[in-house]
Amino acid sequence: QVHVVESGGGLVQPGGSLRLSCTASGFTFSTSYMSWVRQGPGKRPEWISDVDPDSRLTRYKESVKGRFTISRDNAKSTLYLQMNDLEHEDTGLYYCARGDIYGAIVNKDSWGRGTQVTVSS
């Protein structure tokens, strides 16, 4: 079965940076779209970014464009999210998910436990 483990979250001040990682197993990572999904306090999960299998296509939620960069290393079955210029609104539990913008957010059973990102002064 699909199994992913997120890491790299933490407490950071506004304007700071974090790099999240996700190690994946249980499926062919190199042929799968991958996404990052986050859930803020009291909010529904929201898709924030995805990348196609060969890294030719990347897409971002409008509010994170220019600040976040999604990438992947297929040899390591690892997904990354570089987050710069973090804002209070970026606070939430970040999940790694198999699938693109259309599939990742509905497949909660395939998400990991998430990694917490807290942006606070």
Side-chain angles (χ1 to χ4, degrees):
Q1 62 181 25
V2 173
H3 181 66
V4 298
V5 179
E6 300 94 342
S7 62
L11 176 65
V12 64
Q13 294 182 336
S17 298
L18 286 172
R19 183 174 175 84
L20 307 184
S21 297
C22 165
T23 57
S25 62
F27 64 100
T28 306
F29 180 86
S30 62
T31 63
S32 299
Y33 272 80
M34 297 296 296
S35 292
W36 287 98
V37 175
R38 73 183 177 195
Q39 186 170 21
K43 299 180 180 180
R44 293 183 177 275
E46 61 177 352
W47 171 91
I48 56 172
S49 185
D50 65 10
V51 57
D52 76 323
D54 62 3
S55 298
R56 291 185 179 183
L57 170 68
T58 57
R59 296 181 290 198
Y60 300 90
K61 183 178 186 292
E62 184 66 28
S63 64
V64 309
K65 286 182 179 178
R67 299 188 297 118
F68 290 11
T69 303
I70 190 171
S71 62
R72 64 193 296 160
D73 186 338
N74 286 344
K76 297 180 179 179
S77 294
T78 301
L79 181 73
Y80 304 98
L81 185 67
Q82 178 67 45
M83 305 186 295
N84 298 325
D85 195 22
L86 285 161
E87 304 169 351
H88 290 293
E89 293 75 15
D90 295 318
T91 293
L93 191 60
Y94 283 68
Y95 298 98
C96 174
R98 182 186 183 187
D100 65 0
I101 185 173
Y102 303 108
I105 200 166
V106 301
N107 195 17
K108 289 186 176 181
D109 290 342
S110 296
W111 301 357
R113 293 187 177 184
T115 185
Q116 178 67 37
V117 172
T118 302
V119 185
S120 179
S121 300

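Position 1 is the first residue of the sequence; numbering continues from there.
The distance from the OG atom of S21 to the CG atom of D73 is 10.5 Å, given to the nearest 0.5 Å. Rounding to the nearest 0.5 Å gives a distance of 10.5 Å between OG of S7 and CZ of R19. Note that OG of S71 is 13.5 Å distant from CZ of F68, once rounded to the nearest 0.5 Å. One distance of note links CZ of R72 with SG of C22; it measures 10.0 Å at 0.5 Å rounding.
Salt-bridge check for K61 with E46: passed, with a basic side-chain N closer than 4.0 Å to an acidic carboxylate O. Salt-bridge formation is detected for the pair D50/R59: a Lys NZ or Arg NE/NH1/NH2 atom is positioned less than 4.0 Å from an Asp or Glu carboxylate oxygen.
A 4.5 Å side-chain heavy-atom check between D52 and M34 finds every atom pair outside the cut-off. Contact check for V2 versus W111: no side-chain heavy atoms found under the 4.5 Å cut-off. Looking at Q82 and S17, their side chains come closer than 4.5 Å, going by heavy atoms from C-beta outward. Between Y95 and Q39 there is a side-chain heavy-atom pair separated by less than 4.5 Å. Here the side chains of P14 and S121 are in contact, with some heavy-atom distance below 4.5 Å.
A donor-acceptor pair is defined here as one N or O able to donate and one able to accept, closer than 3.5 Å; no such pair exists between the side chain of W47 and the backbone of R38. A donor-acceptor contact shorter than 3.5 Å is absent between the side chain of S120 and the backbone of T118. Side-chain atoms of Y60 come within 3.5 Å of backbone atoms of I70 as a donor-acceptor pair (strictly under, hydrogens ignored). Between the side chain of R44 and the backbone N or O of G40, no donor-acceptor pair lies under 3.5 Å. The backbone N or O of Y80 lies less than 3.5 Å from a partner atom in the side chain of W36, making a donor-acceptor pair. H3 places no side-chain N or O within donor-acceptor distance of the main-chain N or O of S25, the cut-off being under 3.5 Å. Using a distance-only test at 3.5 Å, with no hydrogens or angles considered, a donor-acceptor pair links the side chain of D90 to the main chain of E87. The backbone N or O of L20 lies less than 3.5 Å from no partner atom in the side chain of E6, so there is not a single donor-acceptor pair. With T115 contributing its side chain and Y94 its backbone, the two residues share no donor-acceptor pair below 3.5 Å. Formation of a donor-acceptor pair under 3.5 Å by the S35 side chain with backbone atoms of G99 is found in this model.
Pairing each heavy atom of S55 with each of V51, the nearest pair is CA-CG2, 3.8 Å. The shortest heavy-atom contact between I105 and P45 is CD1-O, 3.3 Å. Minimum heavy-atom separation, G9 to V117: CA-CG2, 4.2 Å. F29 and N74 make their closest contact through CE2-OD1, 3.2 Å (heavy atoms, listed as atom of the first residue, atom of the second, distance).
Linking Ile, Leu, Val, Met, Phe, Trp and Tyr whenever their side-chain heavy atoms come within less than 4.5 Å leaves I48 and V37 in two separate clusters. Cluster annotation: L93 and M83 are assigned to distinct hydrophobic clusters (Ile/Leu/Val/Met/Phe/Trp/Tyr, side-chain heavy-atom contacts under 4.5 Å, transitive). Linking ILVMFWY residues whenever their side-chain heavy atoms come closer than 4.5 Å, directly or via other members, places V119 and L18 in the same cluster. Under a hydrophobic clustering in which Ile, Leu, Val, Met, Phe, Trp and Tyr are joined whenever their side-chain heavy atoms come within less than 4.5 Å, directly or via other members, V64 and V12 fall into the same cluster.
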